[in-house]
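Remarks on the structure that follows.
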Protein chains: 2
Amino acid sequence: MKMRQLEYFITIAEEGGFNRAANRLHVAQPSLSVQIKALEEEVGARLFERDKRNVFLTQAGKQFQQHARAILSLAETAKVEARCADAGDVAGRNFPHLVGG
Amino acid sequence: MKMRQLEYFITIAEEGGFNRAANRLHVAQPSLSVQIKALEEEVGARLFERDKRNVFLTQAGKQFQQHARAILSLAETAKVEARCADAGDVAGRNFPHLVGG
DNA sequence: AAATCTTACGGGTGACGTAACGATC
DNA sequence: GATCGTTACGTCACCCGTAAGATTT
């Protein structure tokens, strides 16, 4: 599982289609198709239901979406807090609301 | 930031050295050195303090370690829960304690 | 025929392993 | 001299974009 794949997955879910997501992500549709296919194989479950014209999240996809968002959000938090700690951890200890913790 | 880099980082922190971590991860030491360097640059803070013979976590590294573990743990949870949901979500709805929800 | 996702193929970037280097005990 | 982390370099896999295919409206 790769961060990039999670970003792709979330964008497709938000846009409701590979084409829109590709446009927003500035990549080609086939890249998304391949990466989502790889992600689904690793997860072991179908995340999108390719239904005729639009794509919908399966129940597994809905579950996965929340976790994927949490992972990416946590990754950003990790970077921010590490920088705060590096700068003497002043913000982290004295102003925790600035770093989410 | 990549999942692989987080795994490398955590293993080095646990083993207290690049050599031990490389042995456990079945990769060569230079790979770890390069990837950790890249991770530190992206984070914007020094995560390890290369002190003579052993490596120690900086304060930024300690902060980052907790988040890194949470991210990898969450990634595993995401896969497990997605599979549960795919299997009809019986466990997820009726036995949430089995899937952490 | 237009739009959408999927599969096949070639090129560029990145990760890895081996080898060489500097530093420490 | 032995051990550890870093840097340089060649090789290989992976990701991406283009092109072609299948399906639906």
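Taking atom CD of residue A:Q29 and atom P of nucleotide D:dA19, one finds them 13 Å apart after rounding to whole Å. Atom CG of B:L47 is separated from atom P of D:dG5 by 16 Å (rounded to the nearest Å). If you measure from atom CE of B:M3 to atom C1' of D:dC14, you get 17 Å, rounded to the nearest angstrom. Atom CD of B:E40 is separated from atom P of D:dG5 by 13 Å (rounded to the nearest Å).
Taking every side-chain heavy atom of B:N19 into account, D:dC4 is the closest of D:dT18, D:dG17, D:dC4. Comparing atom distances between the A:F18 side chain and each of C:dT6, C:dA15, D:dC15 picks out C:dT6 as nearest. Closest approach to the A:V55 side chain among D:dC16, C:dC5, C:dG17 is made by C:dC5 (side chain taken as heavy atoms from C-beta onward). Closest to the side chain of A:S31, from the set C:dC16, D:dT7, D:dC16, is D:dC16.
Proximity of A:R20 to the phosphate of C:dT4: no side-chain N or O atom is located under 4.0 Å from OP1 or OP2. Look at B:K2 and you'll find a side-chain N or O under 4.0 angstrom from OP1 or OP2 of C:dA15. Taking side-chain N and O atoms only, A:S33 has no distance below 4.0 Å to OP1 or OP2 of C:dC5. Note on B:R4: every side-chain N or O is 4.0 Å or more away from OP1 and OP2 of C:dA15. For A:R50, a side-chain nitrogen or oxygen approaches OP1 or OP2 of C:dT6 to under 4.0 Å. At the phosphate of C:dC5, neither OP1 nor OP2 sits under 4.0 Å from any side-chain N or O atom of A:K37.
Rounding to the nearest 0.5 Å gives a distance of 9.0 Å between CD of B:E41 and CZ of B:R46.
Using cut-offs of 30° and 60° for the angle between ring planes, the B:F9 and B:F64 rings count as perpendicular.
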